[in-house]
> 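Sending over a structure as structure tokens; questions will come in a sec.
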There are 2 protein chains.
Amino acid sequence: MTLLDTVVMQGLDSHGVLTADDKTLLLSLELNARRVTAGEVLWQEVADVDLFCVVKEGWAYSYRNLGNGSMQILKIYLPGDIIGMRDFGFSRRLAGVAMINEGVICPFSYQQLFELFARSSSLAAGIIATTVRQQAMLTERLVYLGRYAAHERLAHFLYELYLRLKRINAVEENGFFMPLSQEQIGDALGLSAVHVSRTFSMLRDEGLVERDRQHVVLPDPQALARLVEFNDTYIDESLPPAFQNFLSLNRIA
Amino acid sequence: MTLLDTVVMQGLDSHGVLTADDKTLLLSLELNARRVTAGEVLWQEVADVDLFCVVKEGWAYSYRNLGNGSMQILKIYLPGDIIGMRDFGFSRRLAGVAMINEGVICPFSYQQLFELFARSSSLAAGIIATTVRQQAMLTERLVYLGRYAAHERLAHFLYELYLRLKRINAVEENGFFMPLSQEQIGDALGLSAVHVSRTFSMLRDEGLVERDRQHVVLPDPQALARLVEFNDTYIDESLPPAFQNFLSLNRIA
DNA sequence: CGCCAAGTTGAAACGCGTCAACCGTAGTGG
DNA sequence: CCACTACGGTTGACGCGTTTCAACTTGGCG
């Protein structure tokens, strides 16, 4: 998975907005590959903001450790995602990031990002739009934490993962690999690990979710989507036409 | 309150990053003032994304209406805030926005924003950083919704408002005007209106919050800050040095 | 004066957290 | 190869925080 494969960038590319130079520039963010182990901490909260990362393989998550001893997981990162843009414009990290399983990441610097912004307004717009989309996912979880019950939160969480994984061809016959422990899922959804277990059983009994260790199957994804009233614009949509027009014009100027 | 008064822009200005042209450009976003009534809906969910707004007077909020009949309030906007950047890069609104009390707003178009981006990378960076800061506040609420009890959520909410209002000189003797109903507060914090009432009583009994109708006093703001372990970097911080350096260099080039 | 929205208070129900015991599986070392 | 251990997951009992429903109060406003 490269950044060129993301919805936004593909959208820009298919409309001829990206030049060959743009593409090399974008790929230059992914030159520095590094293998990382399961559980490895990429950075802690309050660390200096020095770099960002593209995930090539494996899953990661951003988190906050709270004073009351619990943890809130903010976001799950999958291959192709950019990590760290949350901290763009801050001097200190607002959240820690750690790997869930082993994988490969490509770190790049503040400097590199600035250069990219300066050299291609199309890429700048694309990266900003990607960042906004990530935050839209966060907003969606905020809504679920505020106003929905455990089974709806879990169903929504799984369906969102399903959609994101499908986009990167990591779904086979409605099933996918999910390396998260139930404790981690609880930390993401604001639930206890015990209740996550019960909720899984509940969804299984209703025929909505099958699970065997780290393998999850959604026998009827549409039924799940209806249950959680899933609005997939925030996850699947490419840039709007007006946006692309502007970028095309700007490229010529 | 103008955009030039925001923490980020003031930071840029005081470091000499903003030119006179930049300032006129920024102020040009606020030429179109319009008076709006209490409760007026600026736009609905799923409406086309055509414009953004600067709030000059009054409070506004963004919200989602949910299938189960409840509402989740995402963010409270105060004078000087930009509304709508959440939808940047989408063709349809992800959330509705309405006024809480009467006020004045200044709408500006996608087009205007693009022009501003094209003509001043400093302003572009400033607006992006402002947007990222708004998202950081959302993230903070996500954490509170996930892992904290009602009294902590309310305390955090009030203290954040207190800090934001202080920045725009809307706090006198630790007290401020707050036009929100308890139902709206509940919709923001994921609580029922009834429980918000009980929680206010609780905080009052502990001497942390006094309230008379729409006037709130925090007798001991520091005590509140300790209770919620408030981390104010996400709200008060200006752009990091490295960022400003880049902008200064870029301006000359 | 009377109406209506907003806030308060009480009682009961319920969802979820917590604690604890137990189970299955994978990994480890003898 | 097989015990031993550690970890993640499951299940039950119980308590607590929050919701819900309902009755009542208060203040603002036509």
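Below, each value reflects all heavy atoms present in this structure, side chains not excepted, and no hydrogens, waters or symmetry copies. Just so it is clear: chains get the letters A, B, ... in the order the sequence lines come, proteins before strands, and each one is counted from 1.
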> Counting any heavy atom closer than 4.0 Å, what does Arg211(B) reach on the DNA or RNA strands: base, sugar-phosphate only, or nothing?
sugar-phosphate

> Find which nucleotide of DNA chain C each of Ala150(A) and Arg198(B) is nearest to by heavy atoms, and output the residue with the more 5' nucleotide.
Arg198(B)

> Mind calculating the distance between CD (Gln214(B)) and P (dG27(D)) to the nearest angstrom?
14 Å

> Which whole-number value in Å describes the distance from His195(B) NE2 to dC16(D) P?
15 Å

> I'd like a table of donor-acceptor pairs (distance under 3.5 Å, sequence neighbours excluded) in which one partner is a side-chain atom from residues 211-224 of chain A, with atom names and distances.
unit_1	atom_1	unit_2	atom_2	d
Asp220(A)	OD1	Gln222(A)	N	3.3
Asp220(A)	OD1	Ala223(A)	N	3.3

> Please report the distance, rounded to the nearest Å, between CG in Leu189(B) and P in dT18(D).
12 Å

> Using 30° and 60° as the class limits, which term best fits the ring planes of Tyr148(B) and Tyr144(B): parallel, tilted or perpendicular?
parallel

> Taking only distance into account, with no hydrogens and no angle test, what donor-acceptor pairs under 3.5 Å do side-chain atoms of residues 159-172 of chain B form with protein atoms, sequence neighbours excluded?
unit_1	atom_1	unit_2	atom_2	d
Glu160(B)	OE1	Tyr234(B)	OH	2.8
Tyr162(B)	OH	Asn174(B)	OD1	3.4
Arg164(B)	NH1	Ile76(B)	O	3.1
Arg164(B)	NH2	Ile76(B)	O	2.9
Arg164(B)	NH2	Asp81(B)	OD2	2.7
Arg167(B)	NH1	Ile235(B)	O	3.0

> Can you give me the first and the last nucleotide of DNA chain C (5' to 3') that has an atom within less than 4.0 angstrom of a non-hydrogen atom in chain A?
dC16(C) to dC19(C)

> Would Arg34(B) and Glu40(B) satisfy salt bridge (charged side-chain N to carboxylate O under 4.0 Å, His left out), going step by step from the backbone distance to the final call?
CA-CA 12 Å; Arg34(B) 187 163 81 79; Glu40(B) 184 171 337; 3.3 Å; yes

> Is Ser197(A) near enough to dG9(D) that one of its side-chain N or O atoms lies under 4.0 angstrom from OP1 or OP2?
no

> Nearest-Å distance, CZ (Arg147(B)) to C1' (dT18(D))?
17 Å

> To the nearest Å, give me how far apart CD1 (Ile185(A)) and P (dG8(D)) are.
13 Å

> On DNA chain D, compare the nucleotides closest to Thr199(B) and Leu180(A); which residue's is nearer the 5' end?
Leu180(A)

> Nearest heavy atom decides the nucleotide; on that basis, is Phe200(A) or Arg213(B) closer to the 5' end of DNA chain D?
Phe200(A)

> Counting N and O atoms only, with roles assigned by atom type, does the side chain of Arg153(A) sit under 3.5 Å from a partner on the main chain of Leu189(A), one being a donor and the other an acceptor?
yes

> Applying a 4.0 Å non-hydrogen cut-off, can you work out what Ala193(B) is touching in the nucleic acid: base, sugar-phosphate, or nothing?
nothing

> For the pair made of OH in Tyr148(B) and P in dG17(D), what is the distance, rounded to whole Å?
17 Å

> Side chains of Ser201(B) and Arg198(B): is there a donor and an acceptor less than 3.5 Å apart?
no

> How long is the line joining CD of Glu183(B) and P of dT20(D), in whole Å?
11 Å

> Remember a base hit wins even if backbone is also touched, and classify Ser181(B) as base, sugar-phosphate or nothing at under 4.0 Å, heavy atoms.
sugar-phosphate

> Using a cut-off of 4.0 Å on non-hydrogen atoms, how would the nucleic acid contact of Val194(A) be classed: base, sugar-phosphate, or nothing?
base

> Inspect the contact between Arg147(B) and Asp187(A) and indicate whether a charged nitrogen and a carboxylate oxygen are less than 4.0 angstrom apart.
yes

> Under 4.0 angstrom, heavy atoms only, what part of the nucleic acid is Gly190(B) near: base, sugar-phosphate, or nothing?
sugar-phosphate

> So Tyr77(B) and Ile100(B), do their side chains get closer than 4.5 Å, heavy atoms only?
no

> Name the nucleic acid region contacted by Ala149(B), choosing base, sugar-phosphate or nothing; use a 4.0 angstrom heavy-atom cut-off, strictly under.
sugar-phosphate

> To the nearest Å, give me how far apart NE2 (His215(A)) and C1' (dG9(D)) are.
18 Å

